[in-house]
Participant: 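Below: one structure in structure tokens.
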Amino acid sequence: VRSLQKADTFLQRSIGTDVAAAQAEAPPRDGSDEKDGCKSLHALQVERQEQAERSVLINCQSRTNEKKFLKYLSNHGDIKKYFFYESYGLYAVVEFAKRENVASLLEGAVIPSVSHESTVPFKSRLLSLRNLSLVDLSNQQSGLQCQPQTTIPINEFIQRLSKEESIDQQITSLTEAYQLTEENSRLRFLVCSLLKDIAAAYFPECTIKPFGSSVNGFGKLGCDLDMFLDLDGISGRNVKMPKSGLSLEYQMKRANSERAVTQSILSVIGECVDQFGPGCVGVQKILNARCPLVRFAHQPSGFQCDLTANNRVAMKSTELLYLYGQLDPRVRSLVFTVRCWARAHGVTSSIPGAWISNFSLTVMVLFFLQKRSIPIIPTLEHLRDLAGPADKSVIEGNDCTFVSDFSKIQLKSNTETLEQLLCEFFEFYATFPFSRMSLNIRKGKEQNKPEVAPLHIQNPFETSLNVSKNVNATQLDRFVALCQESSWLLQQRETNTPRGGANMTTAWGLATLLLPSQVAGIKSRKKRRREPASERIKGLLESLKNKNQPKTS
Ligand code: GTP
Ligand code: MG
């Protein structure tokens with residue numbers, strides 16, 4: 001009866017209206033509505049997690065009729081938001097108004113009967129649309145609008161950048177093109193929520209939260225999905241035994257260390273994801289790493305996933321990066337630009353190795369911004385001093401306290417432009433005394449290196465650790481040489497003068513810095529000066545047109 005009433009409501013809304021009007025009344029497609037604004041990361045996580053729990057992921061046939069599809073789904077309840085995207089097929093993310101709506105939808109779903117194989121009857125919110133009558137074959141073009149979940153290739157983007165009128169605009173445009181979209185962020189939370197359903201088979205009260213670049217504000221479309229299995233919130237933990245009288249405690253299996261517990265939990269959940277998780281492929285358990293993890297690909301979303309547990313310090317560094325990114329828009333723009341520049345030149349890589357990681361690079365940008373003559377962002381010590389009692393956080397003996405209320409943070413009035421900052425960033429690291437000094441964002445000061453390592457960046461919370469311990473001298477030298485080159489290039493008239501005009505494709509400004517062979521081959525400056533930059537840029541653009549450039553991820 002309830003389903004019929006709901007269907008009726010939808011029909012009442014649709015009958016007597018043309019398609020456009022019906023669509024105008026249909027639930028809003030995403031992208032047009034609220035932005036995340038200046039919420040704390042915690043508030044954002046809570047809101048997004050709750051949305052994700054009311055959402056389903058549906059593989060649709062390519063010519064699905066949007067209106068009929070929505071009508072069918074709304075038999076189970078009001079749809080708050082939905083969007084389509086393509087990833088090895090057409091998918092829809094549908095957010096219902098209530099969790100009961102999802103339960104009702106699942107109640108009506110069928111377990112597939114397959115002829116030559118067998119299925120694991122694990123039910124999840126990943127579904128396939130199979131009703132043939134919903135497919136409008138008369139309509140060759142489905143007309144569905146898909147939300148992109150990947151970025152455009154860098155060589156195409158370089159051409160687009162060259163049409164901008166200033167380096168500041170180029171930097172802003174790069175940030176806008178590469179940052180995560182509202183839809184992509186929702187999809188990330190939905191994948192965490194789907195994974196939570198698997199983990200909940202063992203730990204019903206667990207949560208799985210995204211961390212790292214999926215939520216710190218510096219994520220680029222296509223970045224990996226770092227997930228944290230959180231068991232801290234389960235009831236009965238941190239509850240004091242009564243001083244007198246009877247009480248009960250759980251009998252629990254014991255292990256030698258927290259690490260051993262984490263390893264066994266991840267091993268079992270990894271196995272479960274591998275054997276039962278729909279859409280999860282290529283599961284690898286990497287349990288002996290410093291931070292044990294389960295790595296796999298989630299095919300329906302296209303995300304490369306890293307599931308960790310007991311990783312609260314990483315969650316704190318995510319919060320810190322998020323906070324810095326929210327304080328001043330130049331922070332995110334500069335981080336995006338530097339990350340993109342580093343990726344274009346192979347300074348960073350998606351493969352682990354002796355390269356500088358995106359995390360280290362971000363800390364380097366933050367340190368640089370703290371070191372401006374008028375600092376753009378405060379030191380971590382200052383953020384700690386502003387913290388209130390509720391902000392206090394000590395994780396495994398490490399002080400992770402810092403203020404969560406953004407409004408308590410007073411910023412200095414630095415008015416430097418993005419162009420100036422980018423140029424100064426390259427200059428700063430082109431001449432930084434890496435051989436003697438370590439970067440410390442707690443104090444916003446360099447300090448003598450406490451141990452031998454080519455690049456030393458103090459871990460903001462686990463202060464005895466170096467976040468760039470993996471970096472070898474060759475990689476650091478490459479980074480420094482590229483900074484020298486880029487700083488030099490930005491000071492050349494050929495580079496820093498807009499070529500202007502929508503039809504011009506001659507690379508200039510930031511576009512020049514992203515051209516692969518422009519700075520990758522580290523030649524001496526003398527040699528470079530023999531040939532005017534304009535000639536080299538022209539040649540490079542020609543070779544770019546001819547070559548199929550690999551995508552940056
Ligand atoms: P992407 O390259 O876009 O994935 O950036 P990311 O920031 O997500 O980096 P990554 O996936 O390597 O790591 C995820 C998160 O783990 C980071 O954002 C940090 O919060 C944390 N993290 C990564 N590496 C280190 C490290 O060496 N030390 C510490 N303390 N935290 C790290
Ligand atoms: Mg990551």
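In this text, all values refer to a predicted model and were calculated from it rather than measured experimentally. Heads up: numbering here begins at 1 and tracks the sequence. Atoms within a ligand are numbered from 1 in the order they appear, just like the ligands themselves.
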Participant: Please confirm whether Ala314 approaches ligand 1 to less than 4.0 Å, judged on its heavy atoms.
Facilitator: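 Distance cut 4.0 Å: Ala314 passes for ligand 1.
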Participant: Here's one to test your reading of the geometry: is the NZ or CZ of Lys316 within 45 degrees of the ring axis of Phe402 and under 6.0 Å from its centre?
Facilitator: yes
Participant: To the nearest 0.1 Å, how far is atom 14 (C) of ligand 1 from its closest protein heavy atom, and which atom is that?
Facilitator: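 The closest heavy atom on the protein side is Asp226 OD2, 3.5 Å.
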Participant: Flag Arg290 as yes when one of its N or O atoms lies below 3.5 Å from any N or O atom of ligand 1, and as no otherwise.
Facilitator: no
Participant: Against heavy atoms of Phe211, which atoms of ligand 1 measure under 4.0 Å?
Facilitator: 14 (C), 15 (C), 16 (O)
Participant: Taking 4.0 angstrom as the limit and counting only heavy atoms of Val467, give me the atoms of ligand 1 inside it, by number and element.
Facilitator: 27 (O), 28 (N)
Participant: Considering the heavy atoms of Arg339, write down every atom of ligand 1 situated less than 4.0 Å from one of them.
Facilitator: 3 (O), 5 (O), 7 (O)
Participant: Is the closest heavy atom of Thr318 to ligand 1 under 4.0 Å?
Facilitator: yes
Participant: Between Phe228 and Arg312, is there a cation-pi geometry (under 6.0 Å to ring centre, at most 45° from the normal)?
Facilitator: no
Participant: Mark up the atoms of ligand 1 that fall under 4.0 Å of a heavy atom belonging to Gly212, in ascending order.
Facilitator: 8 (O), 14 (C), 15 (C), 18 (O)
Participant: Checking a contact table here: which protein heavy atom is nearest atom 24 (N) of ligand 1, and how many Å away?
Facilitator: Phe359 CD2, 3.9 Å
Participant: So, for Trp341 and Phe426, is the gap between ring centers shorter than 6.0 Å?
Facilitator: yes
